[in-house]
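Working notes for the structure below.
Naming: A, B, ... by sequence-line order, numbering from 1 per chain. The figures that follow rest on heavy atoms only: side chains count, while hydrogens, waters and symmetry mates do not.
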Amino acid sequence: MPFFKADHLVMRFGGLVAVNDFNLELQPGDLVGLIGPNGAGKTTVFNMITGVYRPTSGRIYFQDKDITGKRPDIITALGIARTFQNIRLFTDLSLIENVMVSYHVRLKSNIFEAVFKLPRYMRQENAMYEEAMELLHKVELDHLAEEKAGSLPYGEQRRLEIARALATHPKLLLLDEPAAGMNPNETLQLMDFIKQIRDEFDLTILLIEHDMKVVMGICERIWVLDYGKTIAVGTPSEIQNNPEVIKAYLGEEEYA
Amino acid sequence: MGKILTVLLIELLILIVSVFALKIESTVGFLLLLVSIVFAIYYGAKNEKIRYRLQDAFSSSRRFALILGIILIFIFPLFFMDSPYWVFVITIGVIYIILAIGLNMMLGSLDLVNLGFAAFFGIGAYTVGMITAKYGLHLPYLIVLLLAGIVAMIFGLLLCLPTMGMKGYYFSLTTIAFGLAVELTINNLEWTGGPGGIKNIPHISLFGLNLGDSYTVFGYDLPFQLNYFYFALVIMLLVMLVAWLIHNSRIGLSWNAIKEDDIAARAQGINIKVYRIYAFAIGSFIAGVAGAIFAPLMGYIAPTNFTYAHSITMVAMVILGGIDNIMGIALGAFLLSIAPEKFRAFSDYRMLIYALIIILMVIYRPQGLIPKKIRKYDFIGGAKDE
Ligand SMILES: Nc1ncnc2c1ncn2[C@@H]1O[C@H](COP(=O)(O)OP(=O)(O)O)[C@@H](O)[C@H]1O
Ligand SMILES: [Mg+2]
């Protein structure tokens, strides 16, 4: 059984087949890209994996467990974290709180210990705080720890969202268009950063990207979706020369 | 030293203004005072210099400010020894502060606009009325208080479960229906006394003291209402402490995360159902406790004490004072429970005024008079919001 497996996933919204027969296997340490034009069904794949949608049919396996249709918080606890295409931070909370929210899942103390600040809870909360600060340091935001997340510029919000996802201690990290809205230079830095966290935290990463060029540099394998169908799977160079892929992307450019 | 003096002066000023506000006879005078309080807070908060000085003074002598504040609140009713009625009004104010803090756990922390919260208040009060007056059971009062909280909590969970997935208008509409259902039920059931309610609810007796008795201290005959005031005050301080601890624990943080974005909160591993249950359970328990003080203070309760209008009033208190800020909520609840006494001439327009307050606040100052503060984490010690 592979580390992660999506087996014949189908997602229907009424008459629309958003994802049709999607199959994916990941091994630990993979850094895989999921690309395709707008509306191809990429985000929907993430939503099925993370339990936001229950697939119309098909199964999802993660570390020998069938996780199809489980609650999002349970899936997170099992070790799958994500970021969102349209950043979903807790804008009214401080940066450090955004990160600390994610730790609460793993705390062993009960609510009475938490409310009355009993020693065990305080020890855990302390350790948690320090680790959260470290994560903020990693994304170079520790000096803003007590600012509201909503006050950050766009690029920094994206980094904070990654830090928040890392705080859940994931084994599989799903990044939904993390480079959207960034300039080429920022994008390059981000891709470096993604490789770096994969190695440092022993992650397996599945990365959605709309712009094909971005993922070519860092992904070892790439899945290409178009209108819900997987039209190509392969290494970056195979994908680049695949006529179907070129057609899908050309079609989009003509449209745009 | 200068900071301590600032704190002392500010708190004394608040005391004097509050006493004055209650003593003032003319409606116009009270209105002017009210408007100037609101403006003073508004512009004081806007002026960086003043705000910084005050924040600095209060945060560097936090313990002093707190203890002094509590002492002054204890002294407060002694200015009204000539009119027990005002002591009664202030006590009702304290009860409403307790209610508003309970409501805030849904309304403020989770953005669940509960428009039937008076039902839990009523259920708590009726629990006491039924036990002590109707069935004449002689249980220790603290047990009765606990039972009132628990019965209200059970109803809270009864409302929580079917509304689990609801947000926004759907949730609010359902809570209106719930509030009306409870009100109509106690109004129509013979078992609960119907529209006539429950009469002759005995006074609280606690540790051998009867709160209905007038005690003599240093030769002064103190009105019995004062006993209730102090009792309600102690409960209020306890409720505030617990609410503050919860707000600064992982529960408060998770509530706020869910309020901001429930999808993101779930993706961080938060089980939103469990946290919603906490809010309903604790919030309605607190309302039940408030009811348990209210019933024996009044001696007589009826369905008309726990109507939709009361629910709206509680919502207005939280929104006016400041969502998720305990001091703000206390201010809002106190202002709005005193105001009707001052505006007797306009009592027909009371609901209109509350509606206006909610609309104006939502438009111009959605965070309330005293806005929520960002929690500070100064380890070791955990989160503090003040
Ligand atoms: N909740 C939903 N209800 C109906 N249609 C949806 C829903 N979510 C996504 N879709 C549709 O599914 C298709 C794929 O969307 P999405 O996965 O967001 O595409 P991508 O992320 O590749 O741009 C789109 O046509 C979109 O409109
Ligand atoms: Mg998308």
Considering only heavy atoms, which portion of A:Leu93 lies under 4.5 Å from any heavy atom of chain B: side chain, backbone, both, or neither? both
Suppose a student defines contact as a heavy atom less than 4.5 Å from any heavy atom of chain B. Which residues in residues 78-88 of chain A would they list? A:Arg82, A:Phe84, A:Arg88
Under 6.0 Å from the CZ atom of B:Arg53, do we count more than 12 heavy atoms belonging to anything else shown? no
Is any side-chain heavy atom of B:Ile270 closer than 4.5 Å to one of A:Asp73? no
Check for a donor-acceptor pair, side chain of A:Glu97 on one end and backbone N or O of B:Leu253 on the other, with a separation under 3.5 Å. no
How close do B:Asp261 and A:Phe90 get, heavy atom to heavy atom, and via which atoms? O-CE2, 3.7 Å
Just verifying a value: how many Å separate A:Asp92 CG and B:Glu260 CD, rounded to the nearest 0.5 Å? 4.5 Å
Which atoms of B:Lys372 are under 4.5 Å from chain A, going by heavy atoms: the side chain, the backbone, both sets, or neither? side chain
Residue A:Ala165 versus chain B: region with a heavy atom under 4.5 Å: backbone
For chain A, find which of B:Ile263, B:Ile272, B:Ile251 contributes the most heavy-atom pairs closer than 4.5 angstrom. B:Ile263
Across all chains, not counting sequence neighbours, the ring pair (Phe, Tyr, Trp, His ring centres under 6.0 Å) partners of B:Tyr275 are B:Tyr278
Might you confirm whether atom CZ of B:Phe231 has over 12 heavy atoms from other residues, nucleotides or ligands at distances under 6.0 Å? yes
Does atom CZ (A:Arg12) have a neighbourhood of more than 12 heavy atoms from anything else shown, all under 6.0 Å? no
Top of A:Ile75, A:Ile74, A:Thr91 for chain B proximity - count of heavy-atom pairs under 4.5 angstrom: A:Thr91
Any chance CZ of A:Phe13 has more than 12 other-residue heavy atoms, nucleotides or ligands included, within less than 6.0 Å? yes
For A:Tyr121 and B:Arg250 the tightest heavy-atom approach is OH-N, 3.2 Å
Against chain B, work out which of A:Ser94, A:Pro72, A:Ala145, A:Pro170 has the most heavy-atom pairs shorter than 4.5 Å and name it. A:Pro72
Side chain A:Ser102, main chain B:Gln268, donor-acceptor under 3.5 Å: no
Ignoring hydrogens, what is the shortest heavy-atom contact between B:Ser249 and A:Ala114? Give both atom names and the distance. CB-O, 3.7 Å
Between CG of B:Asn271 and CZ of A:Arg71, what distance do you get to the nearest 0.5 Å? 4.0 Å
Other residues, nucleotides and ligands only: do more than 12 of their heavy atoms fall within 6.0 Å of CZ on B:Arg51? yes
